[in-house]
Structure formats: structure tokens, C-alpha cells
K.L.:
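Here you go, one structure.
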Protein chains: 4
Amino acid sequence: MTEPRTTRQDAVKALKRELILDAARQVFEVEGLEGASIRAIARQAGYTAGAIYFHFPSKEAIYGAVLDESLDRLNAAVRDAVATAPDTPPDRLRAAALTFFAFYARNPRDLDLGFYLFRGGLQPRGLTDTLDAALNEKLAASLAPIGAALADMGFDDAACRAVTADTFGHAVGLLTLHHTGRIRMFGCSADDLMRGYVEALVGRLAG
Amino acid sequence: MTEPRTTRQDAVKALKRELILDAARQVFEVEGLEGASIRAIARQAGYTAGAIYFHFPSKEAIYGAVLDESLDRLNAAVRDAVATAPDTPPDRLRAAALTFFAFYARNPRDLDLGFYLFRGGLQPRGLTDTLDAALNEKLAASLAPIGAALADMGFDDAACRAVTADTFGHAVGLLTLHHTGRIRMFGCSADDLMRGYVEALVGRLAG
Amino acid sequence: MTEPRTTRQDAVKALKRELILDAARQVFEVEGLEGASIRAIARQAGYTAGAIYFHFPSKEAIYGAVLDESLDRLNAAVRDAVATAPDTPPDRLRAAALTFFAFYARNPRDLDLGFYLFRGGLQPRGLTDTLDAALNEKLAASLAPIGAALADMGFDDAACRAVTADTFGHAVGLLTLHHTGRIRMFGCSADDLMRGYVEALVGRLAG
Amino acid sequence: MTEPRTTRQDAVKALKRELILDAARQVFEVEGLEGASIRAIARQAGYTAGAIYFHFPSKEAIYGAVLDESLDRLNAAVRDAVATAPDTPPDRLRAAALTFFAFYARNPRDLDLGFYLFRGGLQPRGLTDTLDAALNEKLAASLAPIGAALADMGFDDAACRAVTADTFGHAVGLLTLHHTGRIRMFGCSADDLMRGYVEALVGRLAG
DNA sequence: TATGAATGAGTATTCATTCAT
DNA sequence: TATGAATGAATACTCATTCAT
């Protein structure tokens, strides 16, 4: 059928790419986003710094690829949760919002990454316009089920967008409090607060 | 009385400290938090890099001092707003929450600063335990009027803390969306959303 | 006869060599001599960097080959000009000197190349002794018609060599002034000056 | 009178600057101009690479300073030679041209430096407009005595400029042949040829 | 107090060359 | 032949911090 050599080579290439992205994720975890360096990522991946440039054209491109994969996983998680939930708008709203929150509660650096690369709304150096657009689209897609559930509850477009933004904002804020440890000041869990926010929302909208 | 020479020297010393902190704030404004350097701050203040170390033990200490003053201004703003507002718990709640939000909407770098220094919940290098504790206390104080209003509305301590955390979180999240430009995806203003959040809260609690 | 397969392979090999040398010339033109890199040359030739090493043992060897071909073209140009000129010693002298000059006025990188590879009089790394000797011989050949014309005018060997060196030097100097833009300081053209030099020479020698 | 401390500090500063410039000159001598690096210069001067930047803002600035001093020495040499020579235009012409030549015969790297920094006629990065203008002016000044002698011989401005350019060119060309060793092909000395050129010039102009 | 020089570790990226495939 | 991955050394320049003066 197809040439096995090419396919295998492609697989090896993809594997090495993943190896570097894994290394990057590990470095981000330990050193934080700003503390990471090409050298550190290369070392973690078992490479020389220069070797990285055969797989990615720049440091920012690595960041972009890590974020891209992260958004894919986020999207899959949200989609799955919505599909599995009871098929009522409030249940889909709950599933979408809480899965979004849970994803970033478990992957703190991915949130940093998102805001690092998205800051100012301008694409940073090294991120091609196409990648930047793709990332934006993926973020929007991960929030779309929230808007869809709201639309099914009868709200107009403006209201859907506003409530989606509000929910996104609430999640981001609680996650920030959680990841910086500030939530401890209040003796309560970010998770519970997010749940409470969503229940209040559903109650208000459905009631 | 006390020795005037010492007092005058102290005043001069404090003045120079302020000069450096002003310079730091200006550099933060222009270069961002991560882009700032001791040399840039020194230059802006009319000093040499080395001279800074007579006034602050480290770069992080400057950050801490800027944050400290920022929290003082935040506290004053919240206190004033609450004192000026009609003396009913819902009005005090509104005043406290919206003033908190407005402060960081106007001072984006101060928010960065807070989360930069508070990240991980561990005190970063250069920040003494005392300063760290003081900063925490001031942050708590700036949020206290929210809790106080809630207490006046009859809620127990746990509820007060939970709602305060929730409001804090909502503000932080919307501010993040605002400052990173993500809010534009939704075609609505962070300010309006915050107002909406507070009204919903008051409606729910008072109703 | 000879084995046709080998011959065809040789032809293909030579063709590919030429392809690479053309690419090198184009890169030199655009990036300059020091700005050129094996990768840039390979890219221009439609190759990978590593592939170049099947055709040339080193970067300097490519330089050498480009220079070699350049000297062949120079030789041809000078020979043609002398052959075409009226068959008197002064006319042959004019033709040879001015053609030499014109060649490098039109091909600035080739002059750089010559002095890059010939600097110090020691063969640089990557240049075999044989290639170095060949290059020297070709340079000498391109100047030989000048010496020959002088000899025909009755000068002894030492005088011929001296005047040839002087003319070579004058051309090189004016070309340097031309290519670096310094000639502009004087508001005159290198070409006119070269012509003037040759006329004065002819006048002095013939007179 | 004046503050000795300031004066001494200035002297120390100037000394260290010279130390670095000396180191740069030595590196240029050994490694050539393109092979030189900030690290190599720093090592030669007994410094760390970073330390260099307290004395010079960039690598090109070092090049500029070395060239600046070189041109000062050249100017002094030419001026002295002209002042010492018999006070006739031909003698002054001889003195100026041959001293110019002799200077660069003894300081080969300084010639490279000049053409490196002056290439294209555009000031290279790191060279301020003021420095670039100053260097240009100094080069012009070093050639001015040639033009002055010619003017005294009765030539108009255009002729003076043309002959100056021609002489400059001749010197540069012979120096290039000398420094690259090409002059050996002809079995004669660049110095003798330069002398011969000047004598022919004087003979032609004065005759 | 303040300066200015110095350090040493750090930054992303490029390069000629080698080699397994 | 040709590729693509890899190396190891190199590049100019910046940084927070220290210290003699």
C-alpha cells in the first residue's frame, strides 16, 4: 500500500516532537513559564540546544505547540463531558463549565501559557498568524458548548456571549486564586465556589 | 524631644526610597513586570544600579515595596468608597466590590505584581517573612469590607468568607480577561459584567 | 570506447556541481561573502546542507571552485579583448588592463573572493595545494597579456613584471574605492581614473 | 586647583579604555578582523566579556575607536612628514603620499578596519552618525595634504580631487597586493612601486 | 551614600560539519 | 546520493549582584 519507510519516519519525527513538548511541559512545571529556557528544555529532552531547532523554529513556537495540544485536550474533555451529561441545557451548561474549570485546575501551567501567548491580543513574535488564529479558535471552541446550552435555554446572542464571558471570567479568577494559593485565605475550595457559581447561574436562568 | 538630625536623615532616606519606587512604577508601566530591570529602574530614578542596593536589598524587595504601597492605596480607596456610600449593607457591598475592581482596572501592573509575588503561596526570594505577612494582611484588609457587609446582612462567618472569595475571584478573572484583551472575544465590557455580578449577588442575598 | 555509464554519471556529477556553484554565486551576491552559509547555499541549490558535502569537502572548497570559475571567465574575457583589439602593443595593453578592471567592476564578489582566499599568501583550510597553485596560475594568466604587450614594446623582464604589478595594483585599489563607495568622496569615477592611468602609462612607455 | 580625584579617575578610565583597544588591536592582528570577538578581546584584555560593555557600548564601537585612533596617528604622521619635507609642492606631494602608504604598510589591520567600517558608504550598526562623520573627516584630512600640494602646483579643484583619488587608489591597491602576499608573484616590492608611481606623477605634473 | 567597574551566569539563535538511515 | 537529525562551539549582549573607592 503506502510506503512504510515514509510513514515510519513521520512517526519517528512526530514522536521526537512530542518528546520535546513533554520536556517543555516538565520544565514549565518546575521552573515556571518565564523561567524556562531553550537550554533547559533541550537538557530535559536529552538534546543539545541547537538540536531543538530541527523540530521547532523558535522558543515561542514550542510554547505555541504546547498550548495547541493543551487546547485540543481541553476541547476533547469538554466535548466528552457535554456528550455524556444528561441532555438538558442546564446539565450541559454545568458539564461544560465545570469541565473547563477542572481541566485548568489540574493543568495550572496551561493556563499561564494561554495568557502568556494571548496577552495584549497581539500575536507574539515567533507565532505565525495561522497558529495564532488556530489557537484563538480552539479557545473559542472550548467555550462554545456553554453558549450553546444558553441559547437552548432561550437567550439571545448578546446574553449568551455575556454569560459565557462571565463564566469564563469566574473560572479564570478562581483558578488564579487556587494556583497562587490565595484561596487559602478564605478557608474554602475553589472547586466548591465554582460549583456554587454554576448552580446559582442555572437557578437564576432556569428559575 | 527626639534627635532632629536622625529624624531629618530618616525623612531624606524615605524620600529617596519613594523616588526609587516611583521610578519602578514608571518602568513597570512602560516595560511590563518581566521586562523591568534594576538598571532601568535606577536610570529612571537618576541613580546607578549599585546605588539601589543602599535602599533595597534586592529587586524583589522593590517589587514588594511597590506592592505594599499599592495595597495601601487600594485600601484607602475601598475604605473611602464604603464610607461615602449609603449606609446599608448592600450599598456597602456594592461600593467595596466595585471599587476593588475599578482599582485594578486602572492599575493593571499592580495586579501583575500581586500575583507575581504571591505565586505558589511561598514567599519568593528577597521577600522577608514579615513583609510577606504584611502584604497578606493588607490584601485581606482590602477585602474585609465585603465580608463586613455580608455579616451585617446576617450571614455566618463561613458564608461571608465564601462569598468574599467568590467576589474576589470574579473580579480577578474579569480583570485578567480585560487586561489580556480576551474580553474582546465576547463583545462585552468587563466593567458591565462585574456590575452585573454584584447586582445578581445582592439580589440573591437580599431577596 | 570508454564506458558510457561512467561518462554519463560524470556529466551528471559535474552538472550538480555547477548547480551548487551557481547557488553559491547567487548567495554571495545577496548576502555578501561573510554572510553566506552552507545552509543558505544548499537551500538556494535545492539541497540539504549535508548533501553539499558529497560534492565539496568544505565551505572553503566551494569558495575555491567559485573563484576558479571566475578566473576562467576573467581569462576568457581578457583573451577575447586582446584578440579583438588592434594588433599593436599599446592597444593590447589597453585592452588587457581595462578588461581586467571592467570584469571586477561588474563582479565585485569575485574580487572579495580572491582576496579572501588569497589573504596572507597561505592557503586557507580546505584549499588543497593543487587548487591553490591552479588559482595562482590562472590569476597570473589573466595578467600575462599585459606583460606580453610590454615585452613587445621592448621592456626587459623585470620592467614587464613591475609595470604589470603596478597596473594590477592600480586596478585593485580603484575597484576597492569603487566597491566601498569611498570614490564618492572625490566626485570622480573609478572607470575614468583607470582609463587615465592606462593612457598615462601608454604615453609614458611609448613616448 | 582642580579636583585631583576626578582627574585621576578620568585618567584611570582612559587607561582602561586604551587597554581594551590595545587588546582589540592584538586580536585583530592574530585573528583578523572578522575572526575577532568580544570574548576574544575581553580575554586578551584580562576581562570578562560583560565588563567590556562598561567601556564601549558595542563591538562596532570598539572597531570605531580603534579606527579613530589609527586615523589620528595617520594624520599626525602625514602632517609631520609634510612639515619636515622641503617646502616645495612636489616634495610635499611625495612626503604625503609615501607617508600614507608607509603607515598602512606597517599597520595592515588598520586598512582592513577602514574598509570594514566604511563599506557601502553607510554607517554600520553601532556606529553613531557623529562617529561616522568624524571618521570620514579624518580620512579626508589625511589625504588633504596631497590635494593641497597639487593645488599649489596650479591645478584646478577637479584635477586635485582626481589625482588625490588616483594616488589613494594606487596606495590601497599596492597595499592589498602587499598584505595578501600577491606582490610576490611579480618579484618586486610594493614600496618601490609606490615610489615609482609618485615619481612618475611628479614628473608628469611638474614637467 | 553613591559610583562605576567587575563578575559569572545567562539569553536565543546560528554555524560547519558528521553520520545513520 | 541525499536527507534530516545531531553536535558542540560560537555569537553579541544583558542581568542581578558585589565591592573598592
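Because only heavy atoms are used, hydrogens play no part in the values below, and waters and symmetry mates are left out as well, while side chains stay in. In what follows, chains are A, B, ... by sequence order, proteins preceding strands, each numbered from 1.
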K.L.:
When rounded to the nearest 0.5 angstrom, what distance separates CG in C/L117 from OG1 in D/T180?
P.N.:
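Reported to 0.5 Å precision, the distance equals 11.5 Å.
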K.L.:
Are B/K13 and E/dT1 close enough that a side-chain N or O sits under 4.0 Å from OP1 or OP2?
P.N.:
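Looking at the OP1 and OP2 atoms of E/dT1, one of them is under 4.0 Å from a side-chain N or O of B/K13.
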K.L.:
Rounded to whole Å, please give me the gap between CZ in D/F56 and C1' in F/dT14.
P.N.:
19 Å
K.L.:
Only counting residues at least two apart or in another chain, list the ones meeting side chain to side chain contact (heavy atoms under 4.5 Å, CB included) with B/T48.
P.N.:
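Here no residue qualifies.
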K.L.:
What's the CD1-P distance between B/I52 and F/dA16, to the nearest Å?
P.N.:
11 Å
K.L.:
OP1 or OP2 of F/dA2 less than 4.0 angstrom from a side-chain nitrogen or oxygen of C/T48, does that happen here?
P.N.:
no
K.L.:
I'd like to know if D/E18 pairs up with D/K13 as an ion pair, taking the criterion as any Lys NZ or Arg NE/NH1/NH2 lying under 4.0 Å from an Asp or Glu carboxylate oxygen.
P.N.:
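Between D/K13 and D/E18 there is no salt bridge, as every charged N stays at least 4.0 Å from the carboxylate O atoms.
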K.L.:
Scan A/Q44, A/R109, A/E31 and name whichever one has a side-chain contact (heavy atoms from CB on, under 4.5 Å) with A/Q26.
P.N.:
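One option only clears the test, and that one is A/Q44.
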K.L.:
Figure out the CG/C1' separation between B/D10 and E/dT1, and round it to whole Å.
P.N.:
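In whole Å, E/dT1 C1' and B/D10 CG are 15 Å from each other.
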K.L.:
For DNA chain E, what string of dots and brackets results from 5' to 3' when Watson-Crick and G-U pairs need both distances under 3.5 Å, crossing pairs get [ ], and pairs with another strand get |?
P.N.:
.||||||||||||||||||||
K.L.:
Using a 4.5 Å cut-off on heavy atoms from C-beta on, say whether the side chain of A/K16 contacts that of A/I20.
P.N.:
no
K.L.:
Across nucleotides 16-21 of chain E, 5' to 3', mark each nucleotide with B, S or - according to how protein heavy atoms within less than 4.0 Å reach it.
P.N.:
BBB---
K.L.:
Assign the ring pair B/Y63 / B/F28 to parallel, tilted or perpendicular, where the plane angle (0 to 90°) is split at 30° and 60°.
P.N.:
perpendicular
K.L.:
Do any side-chain nitrogens or oxygens of B/H55 fall under 4.0 Å of OP1 or OP2 in E/dA2?
P.N.:
yes
K.L.:
Could you state the CD1-C1' distance from B/I41 to F/dT14, rounded to the nearest angstrom?
P.N.:
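Distance check: B/I41 CD1 to F/dT14 C1' gives 15 Å.
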K.L.:
For D/G35 and B/R43, take the nucleotide of DNA chain F holding the closest heavy atom to each; which residue's nucleotide lies nearer the 5' end?
P.N.:
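It is D/G35 whose nearest nucleotide is closer to the 5' end.
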K.L.:
To the nearest 0.5 Å, tell me how far C/I38 CD1 sits from C/I62 CD1.
P.N.:
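Output value for this atom pair is 4.0 Å.
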K.L.:
Nearest whole Å is fine: how far is F/dA12 P from C/E34 CD?
P.N.:
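These atoms are roughly 13 Å apart.
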K.L.:
Phosphate oxygens OP1/OP2 of E/dT3: is one of them under 4.0 Å from a side-chain N or O of B/Y47?
P.N.:
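For E/dT3, neither OP1 nor OP2 has a side-chain N or O of B/Y47 closer than 4.0 Å.
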K.L.:
For the pair made of CZ in A/R17 and P in F/dG4, what is the distance, rounded to whole Å?
P.N.:
16 Å
K.L.:
Please confirm whether the backbone N or O of D/A49 pairs with a side-chain atom of D/R39, one donor and one acceptor, at under 3.5 Å?
P.N.:
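Flag not set: sc D/R39 to bb D/A49 has no pair under 3.5 Å.
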K.L.:
Does either side chain, that of D/E60 or that of D/Y116, offer a donor lying less than 3.5 Å from an acceptor on the other one?
P.N.:
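Yes, a side-chain donor-acceptor pair sits under 3.5 Å.
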